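So the structure is just underneath, and the comments pick up after that.
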Amino acid sequence: MELVKRTITILLCLLLIPVTAVVTAAVKQRFADGPNRVFSGGPLRSGELHRGSEPDWSFVEDVSTIELQLLNPPQSRRIWTAALNGKLYVWSSYMDTTVGRLWKRWPVQAERDGRAILRIDGKRYERQLVRIKSGEILDDISNAIRSKYNSRTTRTTVEAGGDWVFEATPRN
């Protein structure tokens with residue numbers, strides 16, 4: 001019986017090591033300038049802030065992920081993006097599932113307060129995220145998303161609420 005207790009104690013201690021390491025890394029990243037590949041990050045502080053005319057966003061076709069920070073809460077994450085007709089779009093899938101809604105809180109936060117900062121290739125852009133819930137434009141946006149990523153996003157999934165699509169418009 002004593003051997004079983006010792007074995008369980010040792011196993012629990014060994015399990016505590018990686019759990020503590022992961023939690024520590026996640027907390028530490030929340031204070032960092034942006035996210036890493038795994039954990040959300042803090043506010044996007046570094047990088048030149050874009051001033052001037054509206055860019056042609058087609059350059060993001062060569063960028064696999066961008067960094068997105070909402071102003072409220074000031075937290076950043078890596079997301080996929082697509083461009084269409086010179087405009088920039090971001091989206092989130094699995095929004096019609098419990099796990100998706102718990103895992104991806106940023107879309108709900110963005111719908112409440114869409115003020116955002118995007119960082120792409122080290123340059124920051126102030127944006128307003130505007131949700132697109134329906135319309136023919138979703139056919140073209142979905143095609144742009146699917147041509148860039150292995151995604152199942154369609155106009156139907158967006159209109160049904162499974163995928164949420166936002167246009168990243170200039171912030172006034």
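Throughout, residue positions are numbered sequentially from 1 according to the sequence presented. Remember, it's a predicted structure, so these values are computed and weren't measured experimentally.
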### Message
Going by side-chain hydrogen bond (donor to acceptor under 3.5 Å, both in side chains), name the pairs with one or both residues in residues 49-58, residues two or more places apart or in two chains.
### Response
E54-W57, E54-R127, D56-S58
### Query
What residues form a side-chain hydrogen bond (donor to acceptor under 3.5 Å, both in side chains) with D96, not counting sequence neighbours?
none
### Message
Taking salt bridge (charged side-chain N to carboxylate O under 4.0 Å, His left out) as the definition, give me every residue that meets it alongside R115, ordered by chain and number, with sequence neighbours left out.
### Response
D113
Side-chain donor/acceptor pairs under 3.5 Å, residues 80-94, sequence neighbours excluded:
{"from": "T81", "atom 1": "OG1", "to": "Y89", "atom 2": "O", "distance (Å)": "2.8"}
{"from": "S93", "atom 1": "OG", "to": "D163", "atom 2": "OD1", "distance (Å)": "2.9"}

### Query
Can you name the residues that form a side-chain hydrogen bond (donor to acceptor under 3.5 Å, both in side chains) with T65, not counting sequence neighbours?
R78
#### Entry: Shared-cluster residues of M1, by chain and number - hydrophobic side chains joined below 4.5 Å
none
### Query
Is S76 reaching over with its side chain to a backbone N or O of P43, donor-acceptor style, under 3.5 angstrom?
no
#### Entry: N/O donor-acceptor pair under 3.5 Å between T169 side chain and Q128 backbone
yes
### Query
Does K123 have any salt bridge (charged side-chain N to carboxylate O under 4.0 Å, His left out) partners at least two apart in sequence or in another chain, and if so, which?
none
### D140: partners by salt bridge (charged side-chain N to carboxylate O under 4.0 Å, His left out), with sequence neighbours left out
none
### Summary
Members sharing L49's hydrophobic cluster, built from side-chain contacts under 4.5 Å between Ile, Leu, Val, Met, Phe, Trp and Tyr, are none
### Task
Output the rest of the hydrophobic cluster of V130: all Ile, Leu, Val, Met, Phe, Trp and Tyr residues reachable through side-chain heavy-atom contacts under 4.5 Å, sorted by chain and number.
none
### Task
Name all pairs fulfilling the ring-ring contact (aromatic ring centres under 6.0 Å, His included) condition that reach into residues 150-172, sequence neighbours left out, sorted by first residue then second.
W106-F166
### Task
Mind listing the closest non-hydrogen atom pair of T153 and R146 along with its distance?
O-NH1, 2.6 Å
### Query
Can you name the residues that form a salt bridge (charged side-chain N to carboxylate O under 4.0 Å, His left out) with D139, not counting sequence neighbours?
R155
